[in-house]
Amino acid sequence: MRMLLVEDERRLTDVLTGGLAGEGFAVDVAHDGRDGLWLATENTYDVIVLDVMLPRLNGYALCAALRAAQNWTPILMLTAKDGVHDEAEALDTGADDYLSKPFSYVVLLARLRALVRRGGTSRPVSITVGDLCLDPAGLRCRRGDVDITLTPKEFAVLHGLARRPGQVVSKRELLAQAWDFAYDGDPNIVEVYVSALRRKIDAPFGRTSLVTVRGAGYRLEATS
């Protein structure tokens, strides 16, 4: 799952980025509102975590700008403020949920999963390609009635393919989906995860749904 974190407290962003990466999130970070708005406009995210008190553009204005542009990515607002008026303003500008600082990491994670499960207005709760079904919020995968255990990164790569069934998805696009905006490692890491996915979602079932398109990327096909 790809997430945008817009937060100016760098220590907090470091802690959250490290923890959420282990939960299967690929986290892009912006430290001010204008950079956050640019990233949210230029990329597709499953969820946005947005601080209210931001330099250059506050969270309320950023949220309102996204909703005015018909961007319905689920938004969780964070703030050091407290009180019903702050919560009401967050929700009135288009946020889906609200969490006051200091907050429990466990509660934050539960709220994020709930938002991803709910999805935006045009995003399905689960994704089905043939008899392969993915639950993004629960990081669960199954083929038919058989559950398949995937690591968070394997799930993220498969999710990137399943969101565009039958279409070619490039390595660059999968890196952006499963890692993060600033990843500068070896792009061939994608091949490692694609091979692992084939061993889990195809080989045991006699399928060839994950196809390599030479020189272009990969394609996930519905098979029976």
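Quick caveat: nothing in here was measured; it's all calculated off a predicted structure.
We find that Glu221 and Arg219 are joined by a salt bridge, their nearest charged nitrogen and carboxylate oxygen being less than 4.0 Å apart. Ion pairing between a basic and an acidic side chain is recognised when a charged N comes within 4.0 Å of a carboxylate O; Arg2 and Asp28 show such pairing. We find that Lys101 and Glu7 are joined by a salt bridge, their nearest charged nitrogen and carboxylate oxygen being less than 4.0 Å apart. A salt bridge between Arg113 and Asp135 is absent, with no side-chain N of the basic residue lying under 4.0 Å from a carboxylate O of the acidic one. Electrostatic pairing of Asp97 and Arg111 counts as a salt bridge here, judged by a charged N lying under 4.0 Å from a carboxylate O.
Asp202 and Thr208 share no donor-acceptor pair across their side chains, judged by distance under 3.5 Å alone.
Exactly one residue among Leu220, Val129, Thr128 makes a side chain to side chain contact (heavy atoms under 4.5 Å, CB included) with Pro165. That residue is Val129. The one candidate from Leu66, Leu76, Val6 that meets the side chain to side chain contact (heavy atoms under 4.5 Å, CB included) condition with Leu50 is Val6. Tested against Leu5 for a side chain to side chain contact (heavy atoms under 4.5 Å, CB included), the candidates Leu12, Val27, Leu20 yield a single pass: Val27.
Without hydrogens or angle criteria, Arg164 side chain to Val168 main chain gives a donor-acceptor distance under 3.5 Å. For the pair Arg143 (side chain) and Ile201 (backbone), a donor-acceptor distance under 3.5 Å is present. Proximity of a side-chain donor or acceptor of Arg67 to a complementary backbone N or O of Asn71 within less than 3.5 Å is detected. A donor-acceptor distance shorter than 3.5 angstrom exists from the side chain of Glu154 to the backbone of Thr151, with no hydrogens or angles considered. A donor-acceptor pair under 3.5 Å is formed between the side chain of Lys200 and the backbone N or O of Thr149. Between the side chain of Asn58 and the backbone N or O of Ala61, at least one donor-acceptor pair lies under 3.5 Å. Checked by atom type and distance alone, the side chain of Asp51 never pairs as donor or acceptor with a backbone atom of Leu54 at under 3.5 Å. Panel note: side chain Asp46, backbone Val116; no donor-acceptor pair is recorded below 3.5 Å. A distance-only check finds a donor-acceptor pair linking the side chain of Ser104 to the backbone of Val106 [under 3.5 Å]. Of the possible polar contacts, none joining the Glu42 side chain to the Leu39 backbone as a donor-acceptor pair under 3.5 Å is found.
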*Check step by step if side chain to side chain contact (heavy atoms under 4.5 Å, CB included) holds for Tyr193 and Leu174.*
CA-CA 10 Å; Tyr193 283 92; Leu174 289 173; over 6 Å; no

*asked:* Checking His159 against Ile127 for the side chain to side chain contact (heavy atoms under 4.5 Å, CB included) test, could you report, in this order, the C-alpha distance in whole Å, the side-chain angles of both residues, the deciding distance, and whether it holds?
replied: CA-CA 8 Å; His159 186 210; Ile127 300 174; 3.5 Å; yes

*Quick one: do Val169 and Tyr218 satisfy side chain to side chain contact (heavy atoms under 4.5 Å, CB included)? Show the steps, please.*
CA-CA 5 Å; Val169 183; Tyr218 305 93; 5.7 Å; no

*Test side chain to side chain contact (heavy atoms under 4.5 Å, CB included) on Thr73 and Leu4 and set out the steps.*
CA-CA 10 Å; Thr73 303; Leu4 174 61; over 6 Å; no

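In this structure the side chain of Leu16 reaches within 4.5 angstrom of the side chain of Tyr105, judged on heavy atoms. Looking only at side-chain heavy atoms (C-beta outward), Val47 and Asp96 stay at 4.5 Å or farther from each other. Counting heavy atoms from C-beta outward, Asp131 and Phe205 have side chains that stay 4.5 Å or more apart. Using a 4.5 Å heavy-atom threshold, the side chains of Val29 and Arg10 count as separate. Looking only at side-chain heavy atoms (C-beta outward), Thr13 and His31 come within less than 4.5 Å of each other.
Heavy atoms only, all atoms of each residue included: Phe103 and Ser100 are closest at CB-O, 3.5 Å. The minimum heavy-atom distance between Leu158 and Cys141, with the atom names listed, is CD2-SG, 4.0 Å. When all heavy atoms of Pro152 and Gly22 are compared, the pair lying nearest together is CG-O, 3.9 Å. When all heavy atoms of Met77 and Ala95 are compared, the pair lying nearest together is CG-CB, 3.9 Å. Smallest separation of non-hydrogen atoms from Leu108 and Leu78: CD1-CD2, 4.4 Å. Of all the heavy atoms in Arg199 and Pro204, the pair that sits closest is O-CD, 3.2 Å.
If you take CG on Leu109 and CZ on Phe25, they are separated by 6.0 Å, rounding to the nearest 0.5 Å. For the atom pair CG of Leu134 and CD1 of Ile148, the computed distance is 8.5 Å after rounding to the nearest 0.5 Å. Atom OG1 of residue Thr44 and atom CZ of residue Arg163 lie 6.5 Å apart, to the nearest 0.5 angstrom. Expressed to the nearest 0.5 Å, how far CG of Leu62 lies from CD1 of Ile48 amounts to 7.5 Å.
By the 6.0 Å contact criterion, CZ on Arg56 is enclosed, its count of non-hydrogen atoms from other residues, nucleotides or ligands being greater than 12.
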